[in-house]
There are 2 protein chains.
Amino acid sequence: MTRRTIEAAVAANHELFLQTSDRVEAVLAEHRLTPATAHALWAIDPDQAAPSMKELAGRLYCNAPNLSFVMNQLTNRGLAERSPDPADRRSRVVALTEEGRRVRSAVIEATVALTPLARLSAEDLEQLVSLLGKALDPGEGPA
Amino acid sequence: MTRRTIEAAVAANHELFLQTSDRVEAVLAEHRLTPATAHALWAIDPDQAAPSMKELAGRLYCNAPNLSFVMNQLTNRGLAERSPDPADRRSRVVALTEEGRRVRSAVIEATVALTPLARLSAEDLEQLVSLLGKALDPGEGPA
DNA sequence: CCGATTACTTCGAGACTCGAAGTACCCCGG
DNA sequence: CCGGGGTACTTCGAGTCTCGAAGTAATCGG
């Protein structure tokens, strides 16, 4: 009878997400970010290859028009830049500006400080990441 | 240096939430539910005392006008009912109808079946619930 | 009874999301 | 070379969600 346990796990996961979002909200507002723009900002890791719009939409589980809308806000604020992909000029590649990298760091820093997860020990945290990874890993493919 | 681990945990938590929402989306649509109405429906446990609007808004991390909006949708679809609290007639108490309980069960059932967490063993799940509980428990008070 | 506070609703504006339609580009067969 | 089909993205328009401000009804303390 693991059904009850799964239900509890889903609920706890959702609750953690809501609590974290709630606590970070004020910090996002200081940077004039909304949940949607902050999410996109977080998803663009400057240490990785600049993603295309399509790639990024996949990461954010949103569709192309929505991502265009969100990216317009980030570019208008000078946090991100779009440039055509030389290899395929239909595609546009998204990268953060220096200001974008600064704001992204600040958002992550604040989230790490405010999330209820900050209470857990290093050991517990690694166990948690391992468990979540076990659930997510096999399914991260396209279908 | 647990900072990186917390960041990974927050990201994994967020990712799991998005994947679960994404997979359940079609089931919600069949029941003519949106994420907001489904969330409210989930939060009203028929086995517990019927919550007031204020209590429910707290659970959902939303404000009063928003909850009124969402509850109107649920009551219009015949899934929930509002009745004045006899003890304090300013307050309204929310309960699910029989149809509401049916739909709620169906949504939870589908979520449990579709969430990536369903892949984990019973042992892993209990560990996960325990870890999440450890993070959430001390902070579930009002402030 | 009266003023202050609380719970909720209504109203109006802003933000987010998405389907449909349009543009620019790649690729392939002829 | 040229046309047709498919892909990546944007624009447009409509619908949904969220929230602050203002209004109503009820409780509480004096």
Side-chain angles (χ1 to χ4, degrees), chain A residues 14 17-18 21-22 24-26 28-29 31-44 49-77 80-95 142, chain B residues 14 17-18 21-22 24-26 28-29 31-44 49-77 80-95 142:
Chain A
H14 197 159
F17 171 67
L18 291 175
S21 303
D22 186 57
V24 174
E25 189 182 24
L28 297 187
H31 292 286
R32 313 242 312 277
L33 292 173
T34 64
T37 50
H39 187 197
L41 195 62
W42 188 307
I44 305 173
S52 67
M53 295 290 281
K54 180 183 177 63
E55 157 69 15
L56 199 51
R59 286 186 206 171
L60 301 177
Y61 294 87
C62 74
N63 53 17
N66 190 10
L67 183 54
S68 280
F69 175 77
V70 172
M71 286 309 304
N72 279 342
Q73 296 180 160
L74 286 180
T75 55
N76 288 343
R77 295 211 197 299
E81 283 173 342
R82 274 181 278 206
S83 47
D85 181 347
D88 181 348
R89 297 217 321 271
R90 289 172 301 180
S91 199
R92 275 149 191 75
V93 155
V94 179
Chain B
H14 198 158
F17 170 68
L18 291 176
S21 304
D22 186 57
V24 175
E25 189 182 24
L28 297 187
H31 291 286
R32 312 241 314 272
L33 292 174
T34 64
T37 51
H39 187 197
L41 195 63
W42 188 307
I44 305 173
S52 67
M53 295 290 281
K54 181 184 175 62
E55 157 68 15
L56 199 50
R59 287 187 205 169
L60 300 176
Y61 295 86
C62 74
N63 54 16
N66 189 10
L67 183 55
S68 280
F69 174 78
V70 172
M71 285 309 303
N72 281 340
Q73 297 182 157
L74 285 180
T75 56
N76 287 343
R77 297 211 198 297
E81 282 172 342
R82 273 180 279 207
S83 47
D85 181 349
D88 182 347
R89 299 217 318 272
R90 290 172 301 180
S91 201
R92 276 150 192 76
V93 155
V94 179

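Chain naming here is simple, since letters A, B, ... match the order of the sequence lines and numbering starts at 1 in each.
Comparing C:dA15, D:dC9, D:dT10 by their closest approach to the side chain of A:Thr34 singles out C:dA15. For B:Arg92, the side-chain atoms get nearest to C:dC8 when compared with the rest of C:dG19, C:dC8, D:dG20. Distances were taken from every side-chain heavy atom of A:Cys62 (C-beta onward) to each of D:dT11, C:dC18, D:dC19; the shortest belongs to C:dC18. Of the candidate nucleotides C:dT17, C:dC8, D:dC9, C:dT17 has the atom nearest to the side chain of A:Val70. Distances from the side chain of B:Lys54 to the nucleotides C:dA7, D:dT10, C:dT10 place C:dA7 closest.
Here D:dC17 presents its C1' atom at 13 Å from CG of B:Leu60, a figure rounded to the nearest Å. Across the protein-nucleic acid pair, A:Met53 atom CE and D:dT11 atom C1' stand 12 Å apart, rounded to whole Å. Regarding A:Leu74, its CG atom lies at a distance of 14 Å from the C1' atom of C:dC16, rounded to whole Å. In this entry the distance linking CG of B:Leu67 with P of C:dC8 reads 8 Å, nearest Å. One can place CG of A:Asp85 at 13 Å from C1' of D:dT7, the figure rounded to the nearest angstrom. Atom CG in B:Asn66 sits about 16 Å away from atom P in C:dA15, given to the nearest Å. A:Glu25 has its CD atom 14 Å from the C1' atom of D:dC17, to the nearest Å. As rounded to whole Å, 16 Å separates atom P of D:dA14 from atom CZ of A:Phe69.
Each of A:Tyr61 and B:Val93 has a nearest nucleotide on DNA chain C; the 5'-most of these lies closest to B:Val93. Toward the 5′ end of DNA chain D lies the nearest nucleotide of A:Ser68, the other residue of the pair A:Ser68 and B:Thr37 mapping further downstream.
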Solution key, residues 52-60 of chain A side-chain donor-acceptor pairs under 3.5 Å, sequence neighbours excluded:
unit_1  : atom_1 : unit_2  : atom_2 : d
A:Ser52 : OG     : A:Glu55 : N      : 3.1
A:Glu55 : OE2    : A:Arg59 : NE     : 2.8
A:Glu55 : OE2    : A:Arg59 : NH2    : 3.2
A:Arg59 : NH1    : A:Ala43 : O      : 2.6

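Note that the CG atom of B:Leu28 and the OG1 atom of B:Thr34 stand 8.0 Å from one another [nearest 0.5 Å]. Here CZ of B:Phe17 is found 8.0 Å from OG of A:Ser21. Values are rounded to the nearest 0.5 Å. Remark: B:Tyr61 OH to B:Leu67 CG distance equals 14.5 Å, nearest 0.5 Å. Taking OG1 of A:Thr37 as the reference point, atom CG of A:Asn76 lies at 11.5 Å (rounded to 0.5 Å). Note that the CG atom of B:Leu33 and the CH2 atom of B:Trp42 stand 12.5 Å from one another [nearest 0.5 Å]. The line from CZ of B:Arg82 to CE of B:Met71 is 5.5 Å long, rounded to the nearest 0.5 Å.
Residue A:Ser91 places at least one side-chain N or O closer than 4.0 Å to OP1 or OP2 of D:dC9. Remark: A:Arg82 is not in phosphate contact with D:dC9, judged by side-chain N or O atoms under 4.0 Å from OP1 or OP2. The phosphate of D:dT16 has neither OP1 nor OP2 within less than 4.0 Å of any side-chain N or O from B:Gln73. Taking 4.0 angstrom as the limit, A:Asn63 places a side-chain polar atom (N or O) nearer than this to OP1 or OP2 of C:dC18. Listed pair B:Asn72 / C:dT9 fails the phosphate criterion, with no side-chain N or O lying under 4.0 Å from OP1 or OP2.
Between the side chain of A:Arg92 and the backbone N or O of A:Arg90 there is at least one donor-acceptor pair closer than 3.5 Å.
Residue-level contact check: B:Glu55 touches neither bases nor backbone, having no heavy atom under 4.0 Å from any strand. Nucleic acid contact class of A:Ala36 (heavy atoms, under 4.0 Å, all strands): sugar-phosphate only.
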Distances under 3.5 Å between protein N/O atoms and the N/O atoms of nucleotides 27-30 of chain D, please, pair by pair.
unit_1 : atom_1 : unit_2  : atom_2 : d
D:dT27 : OP1    : B:Arg89 : N      : 3.4

